[in-house]
Chemist: 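Here it is, the structure in full.
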2 protein chains.
Amino acid sequence: MTDQRTSPVTLHDVAQEAGVSLATASRALNGSSRTVNDAYRQRVLAAASKLNYSTNLSAQAVAKGSTTSVALIVGDISDPYFSSIAAGVIKGSDDAGLIVTMSVTERSTQRELELVRALRGQRPRVIILAGSRSSEEEHQGALAQELQAFESNGGRVVFVSQHELPFDTVRIDNYGGARALALELVALGYTRFAAITGEHALLTATDRLAGFSDGLASHGIMIAPDHIVTGAFTRDGGYAGALELVDRGIDDVELVFAVNDVMAIGAMSGLRSRGIEPGRDIAIAGFDDIQTVRDVTPALTTVSIPLFEVGESALAVALRPRDVGVGVVTGDGAGAGVAGASAERDVAVATSVVLRASTPGIAVR
Amino acid sequence: MTDQRTSPVTLHDVAQEAGVSLATASRALNGSSRTVNDAYRQRVLAAASKLNYSTNLSAQAVAKGSTTSVALIVGDISDPYFSSIAAGVIKGSDDAGLIVTMSVTERSTQRELELVRALRGQRPRVIILAGSRSSEEEHQGALAQELQAFESNGGRVVFVSQHELPFDTVRIDNYGGARALALELVALGYTRFAAITGEHALLTATDRLAGFSDGLASHGIMIAPDHIVTGAFTRDGGYAGALELVDRGIDDVELVFAVNDVMAIGAMSGLRSRGIEPGRDIAIAGFDDIQTVRDVTPALTTVSIPLFEVGESALAVALRPRDVGVGVVTGDGAGAGVAGASAERDVAVATSVVLRASTPGIAVR
DNA sequence: TTGAAAGCGATACCAT
DNA sequence: ATGGTATCGCTTTCAA
């Protein structure tokens, strides 16, 4: 009820109130080993609660030389792909008694770099990068340097999805998943495809498109160059992409593959707006298996990624002892294509194709 | 390239490298007033960049007695309702040079309390609570006490949506929005309703149901008690709720109102699984206007809330000077029903009804 | 302007 | 087991 802006009560105040030394108070409140007389301990606890004391984490961090925070960088938090991963990271952190701070790159590699720089000041235990990685040379270099400095000071770095830098990674098999999807679709009887992909520098997008194309190629099928459109990695990007495809003419196309679910869902609406009914007039497939694909009509065929687990794994990888070098592989890791020297530190997450109503058996129309 | 775990370079190192005093280095790197000789300043900057220096934010916080962080508490980050609000908070924070830390209550009021307690240690500038507020007495008391202690130490507290505690609030007009929706639906010709709501203690759920019911009541319409089911505030809760309704028998029901979009979307799938086609056999309406409601079939009628702006507003409210007491009202604030002494500190966010294909004109069937 | 030194809040080593 | 005190990295008087 007191409304005056009192200054925060410090450990010193608590010690005084309890009639013990600063050191004892500290030990009673935090010290791991229970080396403190129970009577004293009670007095300290009582004093703390009476004064409504709350440990100053910053001061604690300075004194201990380490924090309890995890920095998570995502591309866009309102995208279910990222928010599901974030949920996993947060869950894992909570369980480990860590606090997560979250930043958004808005899918800008420039911003990603700035964030890493700023975040370093926080001295987090871990930095997890789940933003979409790009393959721009100069950017990669600067980012790598910053992260290396962070690691050499004891921090841990973990990437999610594909990347080309020498850091721990929770690798999502984008290529293999897309390839498997292509094979299943061919088996269903489809032979004429179109695709909506993300910008060229986006590794996730290019890997998926490459996997899909290669899968088709193994059956001698090719996607005509003008049947591949590029758009923003978002719902609206998918919508616009679909319109573009229609404008270019896709009368002979049986199935449209969008490199992620959000785009696929946007594409469905785009097609529908042009009088083309997904699942009847044309088939659609996406990638990610986000929650909502079950609730759109028709339900979307896609490649499933255990996103929440990806987030949990990222944290687990970060927390595991530094010298553990044995690769842990979740799932079958099909086509993981481990490459390079640091591969053994990677965790591969398996993907699986999920066929739904958006790709009915046997070619439509 | 150096792989040895060097200890972080400190300001001291930078000062030494630049051949200036600690104080000067500090001023050159952070000090607001440009009271430092430009030649020195350059040397310090050069030294800092050469050594790859990064300010230790914890130490800075201890010395200055204040941090640059914002603590955001949400119910469930993978729920688009929360992630959209979070996006707004993050955007606003970035613009203000603040870092946001994010925690999840998993919709547990117990957990919410624990989080607030833990978060206080962080000494954030602001704590924003967007988790669903509950009306449980004991919990409210403990929470209020913790928050009050935080405020009296200079922190700012902001609630999002409805609440019953004396803190700044970005108020979402749940009651008014639902009431307006009911009126529009009645105007469309609907007369027989069912509802799927959240647990009793959830203010958001009860306010919306109350608004909806009152809207109907003003036209002499009532929802039969056994046509109101309760479920989890999630997609699956909506799905289950729909099944429950069907089991109870809803042959005479023309429209189902779910208290949020995620539940409504789940309900649509639930109904469909029982052979009842939403938009044709029965109408559906939700609340929130999350992104995906435009992409489900039929598109969902709902009450729109500018979620991203809600997040931005929450931060703006938190950052505004302590003594500003004038109420800022965004939008028309229809039915905002400002009440109590602290109301003038509130910001009301207007909601608006959006009619879509899930509620075709004139009663169906 | 610049530098020396006194904090900020907490931890941990070292005696007692 | 407990208390005194140096220390952590940085900011900020206070003199010079």
Side-chain angles (χ1 to χ4, degrees), chain A residues 6-45 47-48 51-69 118 120-124 153-155, chain B residues 6-45 47-48 51-69 118 120-124 153-155:
Chain A
T6 69
S7 73
V9 4
T10 72
L11 187 56
H12 183 122
D13 301 327
V14 174
Q16 194 163 292
E17 171 78 24
V20 300
S21 78
L22 228 191
T24 300
S26 172
R27 289 188 275 250
L29 256 18
N30 313 300
S32 41
S33 358
R34 47 151 48 271
T35 81
V36 56
N37 181 304
D38 209 59
Y40 278 180
R41 157 174 251 100
Q42 295 308 329
R43 300 225 320 254
V44 174
L45 259 32
L51 299 182
N52 215 331
Y53 171 76
S54 166
T55 305
N56 182 324
L57 262 26
S58 292
Q60 193 170 61
V62 175
K64 297 172 88 141
S66 74
T67 63
T68 59
S69 74
R120 270 187 61 202
Q122 222 190 105
R123 301 283 186 278
N153 290 343
Chain B
T6 70
S7 73
V9 5
T10 72
L11 188 55
H12 184 166
D13 301 327
V14 175
Q16 194 163 294
E17 170 79 23
V20 300
S21 77
L22 230 191
T24 301
S26 171
R27 289 189 274 249
L29 255 19
N30 313 301
S32 41
S33 356
R34 47 149 50 272
T35 78
V36 56
N37 180 304
D38 208 61
Y40 278 178
R41 159 174 250 100
Q42 295 308 332
R43 295 207 344 234
V44 173
L45 260 32
L51 299 181
N52 214 332
Y53 171 75
S54 166
T55 304
N56 182 323
L57 261 26
S58 292
Q60 193 170 63
V62 175
K64 299 173 87 139
S66 74
T67 65
T68 58
S69 75
R120 268 186 63 201
Q122 221 190 106
R123 302 282 186 277
N153 289 343

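Naming convention: chains lettered A, B, ... in sequence-line order (proteins, then strands); numbering from 1 in each chain. Note that the structure is predicted; figures quoted are calculated from it, not measured.
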Chemist: Of B:A23 and B:A59, whose nearest nucleotide on DNA chain D comes first from the 5' end?
Modeler: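 Per heavy-atom nearest nucleotide, the more 5' residue is B:A59.
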Chemist: Tell me whether the OP1 or OP2 atom of D:dC10 has a side-chain N or O from B:N30 closer than 4.0 Å.
Modeler: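 For D:dC10, neither OP1 nor OP2 has a side-chain N or O of B:N30 closer than 4.0 Å.
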Chemist: Find the distance A:R123:CZ to D:dG9:P and express it as a whole number of Å.
Modeler: 9 Å
Chemist: Starting from the 5' end of DNA chain C, give me the residue, B:L22 or B:K64, whose nearest nucleotide shows up first.
Modeler: B:L22
Chemist: If you look at every heavy atom in B:S69 and B:Q122, which pair is closest and at what distance?
Modeler: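 Here B:S69 and B:Q122 meet closest at OG-OE1, 3.3 Å.
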Chemist: Looking at side-chain heavy atoms only, is the closest gap between A:N30 and A:K64 below 4.5 Å?
Modeler: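 Contact flag for A:N30/A:K64 side chains = no.
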Chemist: A:D38 CG to D:dA1 P: how many Å, rounded?
Modeler: 12 Å
Chemist: Rounded off to whole Å, could you give me the NE2-to-P distance for the A:H12 and D:dG3 pair?
Modeler: 13 Å
Chemist: If you check the A:L11 side chain, which of C:dT11, C:dG3, D:dC10 turns out closest?
Modeler: C:dT11
Chemist: Between C:dG9 atom C1' and B:R120 atom CZ, what is the distance in whole Å?
Modeler: 15 Å
Chemist: Starting from P on C:dC8, measure out to CG on B:N56 and report it in whole angstrom.
Modeler: 18 Å
Chemist: Mapping B:V20 and A:A63 onto DNA chain C by nearest heavy atom, which one lands closer to the 5' end?
Modeler: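 The residue whose closest nucleotide sits nearer the 5' end is B:V20.
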Chemist: Counting only side-chain N and O atoms of A:T24, is one of them less than 4.0 Å from OP1 or OP2 of D:dG3?
Modeler: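 For D:dG3, OP1 or OP2 has a side-chain N or O of A:T24 closer than 4.0 Å.
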Chemist: Given C:dA10, D:dT11, C:dT2, identify the nucleotide with an atom nearest to the side chain of B:T35.
Modeler: C:dT2
Chemist: Are any non-hydrogen side-chain atoms of B:S54 and A:R123 less than 4.5 angstrom apart?
Modeler: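 Side chain of B:S54 against side chain of A:R123, heavy atoms only: contact under 4.5 Å found.
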Chemist: Which of the following nucleotides, C:dT11, D:dG9, C:dG3, is nearest to the side chain of B:S21?
Modeler: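 Nearest to the side-chain atoms of B:S21, counting from C-beta on, is C:dG3.
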Chemist: Please say which of B:V44, B:N37, B:T35 ends up in a side-chain contact (heavy atoms from CB on, under 4.5 Å) with B:R27.
Modeler: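 Of B:V44, B:N37, B:T35, side-chain contact (heavy atoms from CB on, under 4.5 Å) with B:R27 is met by B:T35 alone.
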Chemist: Tell whether B:R27 reaches the base of C:dG3 with its side chain through a donor-acceptor pair below 3.5 angstrom.
Modeler: yes
Chemist: Whole Å only: how far is the CG atom of A:L57 from the P atom of C:dT11?
Modeler: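 Spelled out: CG on A:L57 to P on C:dT11 is 10 Å.
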Chemist: What nucleotide, of C:dT2, C:dA10, C:dT11, holds the atom closest to the side chain of B:N37?
Modeler: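 Given the options C:dT2, C:dA10, C:dT11, the side chain of B:N37 is closest to C:dT2.
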Chemist: Are A:N56 and A:P8 packed together at the side-chain level, in the sense that at least one heavy-atom pair is separated by less than 4.5 angstrom?
Modeler: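 A:N56 vs A:P8: side chains apart.
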Chemist: Nearest whole Å is fine: how far is D:dA1 C1' from A:R43 CZ?
Modeler: 14 Å
Chemist: To the nearest Å, how far apart are A:L51 CG and C:dG9 P?
Modeler: 14 Å
Chemist: Counting only side-chain heavy atoms from C-beta out, which of D:dC10, C:dA10, D:dT11 sits nearest to B:S26?
Modeler: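 The nucleotide sitting nearest to the side chain is D:dT11.
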